[in-house]
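Predicted, not measured: the structure shown is a model, and the values here were computed from it. Naming: A, B, ... by sequence-line order, numbering from 1 per chain.
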There are 2 protein chains.
Amino acid sequence: MIQIENMYKKYIMGDNVVNALNGVDLHIREHEFVAIVGPSGSGKSTLMNMIGCLDVPTAGRFFIDGYDASKLSDDQQAEIRNKKIGFVFQGFNLIQKLTALENVEMPLIYSGMRAAERQKRAVNALESVGLGDRVHHTPTELSGGQQQRVAIARALVTDPPIILGDEPTGNLDSKSGKEIMQIFKNLNAKGNTIILITHDDHIAEQAKRIIRIMDGKIIEDREVS
Amino acid sequence: MIQIENMYKKYIMGDNVVNALNGVDLHIREHEFVAIVGPSGSGKSTLMNMIGCLDVPTAGRFFIDGYDASKLSDDQQAEIRNKKIGFVFQGFNLIQKLTALENVEMPLIYSGMRAAERQKRAVNALESVGLGDRVHHTPTELSGGQQQRVAIARALVTDPPIILGDEPTGNLDSKSGKEIMQIFKNLNAKGNTIILITHDDHIAEQAKRIIRIMDGKIIEDREVS
Ligand SMILES: Nc1ncnc2c1ncn2[C@@H]1O[C@H](COP(=O)(O)OP(=O)(O)OP(=O)(O)O)[C@@H](O)[C@H]1O
Ligand SMILES: Nc1ncnc2c1ncn2[C@@H]1O[C@H](COP(=O)(O)OP(=O)(O)OP(=O)(O)O)[C@@H](O)[C@H]1O
Ligand SMILES: [Mg+2]
Ligand SMILES: [Mg+2]
């Protein structure tokens, strides 16, 4: 379902080159539950952005569901993102002037769903992450962990086949974090592919496979026992 | 040094009232090392913003170094913030068009330090958090954990007597998190007051006192054994 071959991502800053991805090969199949771990700055978010069709490598190939991403037009890439992928960003990327409800409705607007059904689904998604009483708050009227949960609800609301979470529990207390992990486990049990970046070993050990990255390379790739 | 008496912070949203702080009494002395813990949305960042003179309560009194904060002018409050407090924000609050170096220099510009000394201190602060090779990157050219470390360096660069950290290790792997905690411990050993909000019990147990908040109230306040 996701195939990365010999991928490089280089940033050129004056005389320096930053090798954010430095030769990555990776194959993730449908229904997997993968945790990506590694030090700060090691390339995890960069890798996630490639998987989410949000960035383009300097070299190497990327296939999603058999399509060579480099051969797709921008419109075709946007369509794959909207139909197949739900993304929880490390920095949330919520729209500041929209309420929690309006933020979570956005992916359903792209899918052409009509307003009454959209609002019902968005409210359900917000209730599932414990924010039923915060639906009309804008991001600045929410705590850090509440903003993170709005970002999670938005990633889940279209029930996408692939869910990408970049540090999805980083701002949550352990009880809220457990509730979010239970949501991901339930989705994986019904067939969604889950890929999470995490700095928390407790979270990583709840996945089925752990991929460890260092300096832009995969140094470990194992099943969770 | 920090005294909070019967503090309330209410937000009015249509017919609803959110009691972000719901009767808080708190006394923190010089040289303490305090961790503030509690569920997402319980009032921790709101409390921290009061301590940092960044917000005004709905009711109750706040004294910093003996001054009644409500009797200070905006200029006097700004002066207290610049001279006494270093703040690591939950959302980092870096200036997007400035480099890491320029972001860390900002508090030194306010203090009137001249350019050569300012740059030297800012570079030292960035090196101390492992970012010596990222000084000319802007926030969008940094990973999430690197942005967090720039925010930490900026809070430390004036060596302020009070350091407030809102989830300062939330985006860091455990090794980087340990290095940051060692910085805070060293500062506390030389006399700085450290107040950290954290969701990580390992981090909280490294403080000397743990304050637990729930629904805008302090429900526990104990020394760490
Ligand atoms: N401007 C606002 N208007 C309305 N409600 C607000 C506003 N700012 C904060 N709140 C509410 O006040 C409560 C406390 O927020 P606060 O940011 O202090 O929580 P927190 O303990 O820091 O949470 P987290 O661990 O998720 O960061 C939350 O329930 C939040 O929704
Ligand atoms: N636009 C850019 N220009 C230059 N360097 C960049 C840019 N974006 C990222 N980098 C660098 O690429 C490296 C990898 O970044 P990435 O965001 O993938 O790290 P990460 O593993 O997600 O880290 P964290 O755990 O801190 O979030 C970092 O060292 C970062 O400084
Ligand atoms: Mg990252
Ligand atoms: Mg907070």
Side-chain angles (χ1 to χ4, degrees), chain A residues 11-16 18 20 37-46 48-49 89-92 94 96 99 129-131 133-149 166-167 169-177 179-180 197-202 204 212-214, chain B residues 11-16 18 20 37-46 48-49 89-92 94 96 99 129-131 133-149 166-167 169-177 179-180 197-202 204 212-214:
Chain A
Y11 295 106
I12 304 195
M13 321 263 312
D15 297 336
N16 289 328
V18 176
V37 301
S40 171
S42 56
K44 305 179 296 297
S45 295
T46 304
M48 195 76 116
N49 289 341
F89 294 94
Q90 189 167 10
F92 317 154
L94 299 178
Q96 298 296 314
T99 64
V129 296
L131 292 178
D133 60 353
R134 291 283 185 276
V135 297
H136 300 304
H137 287 231
T138 58
T140 54
E141 296 166 338
L142 293 168
S143 77
Q146 290 167 343
Q147 292 177 40
Q148 185 156 43
R149 284 182 274 156
D166 196 341
E167 304 282 353
T169 62
N171 278 283
L172 300 178
D173 56 282
S174 56
K175 179 159 174 287
S176 307
E179 291 164 4
I180 295 302
I197 292 172
T198 181
H199 281 308
D200 187 330
D201 292 329
H202 292 150
R212 184 171 299 275
I213 293 189
M214 192 167 220
Chain B
Y11 295 106
I12 306 196
M13 321 263 312
D15 297 333
N16 290 328
V18 175
V37 301
S40 173
S42 56
K44 306 179 297 296
S45 296
T46 304
M48 194 77 116
N49 289 342
F89 294 94
Q90 190 168 10
F92 317 153
L94 299 178
Q96 298 296 315
T99 64
V129 297
L131 292 178
D133 59 353
R134 291 284 184 276
V135 296
H136 300 303
H137 288 231
T138 58
T140 54
E141 295 166 338
L142 292 169
S143 76
Q146 290 167 344
Q147 292 176 39
Q148 185 156 43
R149 284 182 274 157
D166 194 343
E167 306 281 350
T169 61
N171 278 283
L172 300 178
D173 56 282
S174 56
K175 180 161 175 286
S176 308
E179 291 164 5
I180 295 303
I197 293 172
T198 181
H199 282 306
D200 187 331
D201 293 329
H202 292 150
R212 185 171 299 276
I213 294 188
M214 191 168 222

Residue part contacting chain B, namely of [X], when any heavy atom lies under 4.5 Å:
X        : result
A:Ser176 : side chain
A:Glu167 : side chain
A:Ser143 : side chain
A:Val37  : neither
A:Gln148 : neither

Rounded at 0.5 Å granularity, tell me how far [atom1] in [X] sits from [atom2] in [Y].
X        : Y        : atom1 : atom2 : result
A:His199 : B:Asp200 : NE2   : CG    : 12.0 Å
A:Leu142 : B:Ser45  : CG    : OG    : 12.0 Å
A:Met13  : B:Thr138 : CE    : OG1   : 7.0 Å

Side chains of B:Glu141 and A:Val18 in contact at under 4.5 Å (non-hydrogen atoms): no
Winner by heavy-atom pair count (cut-off under 4.5 Å) against chain A, out of B:Asp166, B:Thr198, B:Leu172: B:Leu172
Which atom of B:Gly41 lies closest to which atom of A:Gln146, heavy atoms considered: CA-NE2, 3.7 Å
Residue pair B:Gly38 / A:Asp173: nearest heavy atoms and the distance that separates them: O-CB, 4.0 Å
A:Asn171 versus B:Gln90, side-chain donor and acceptor atoms under 3.5 Å: yes
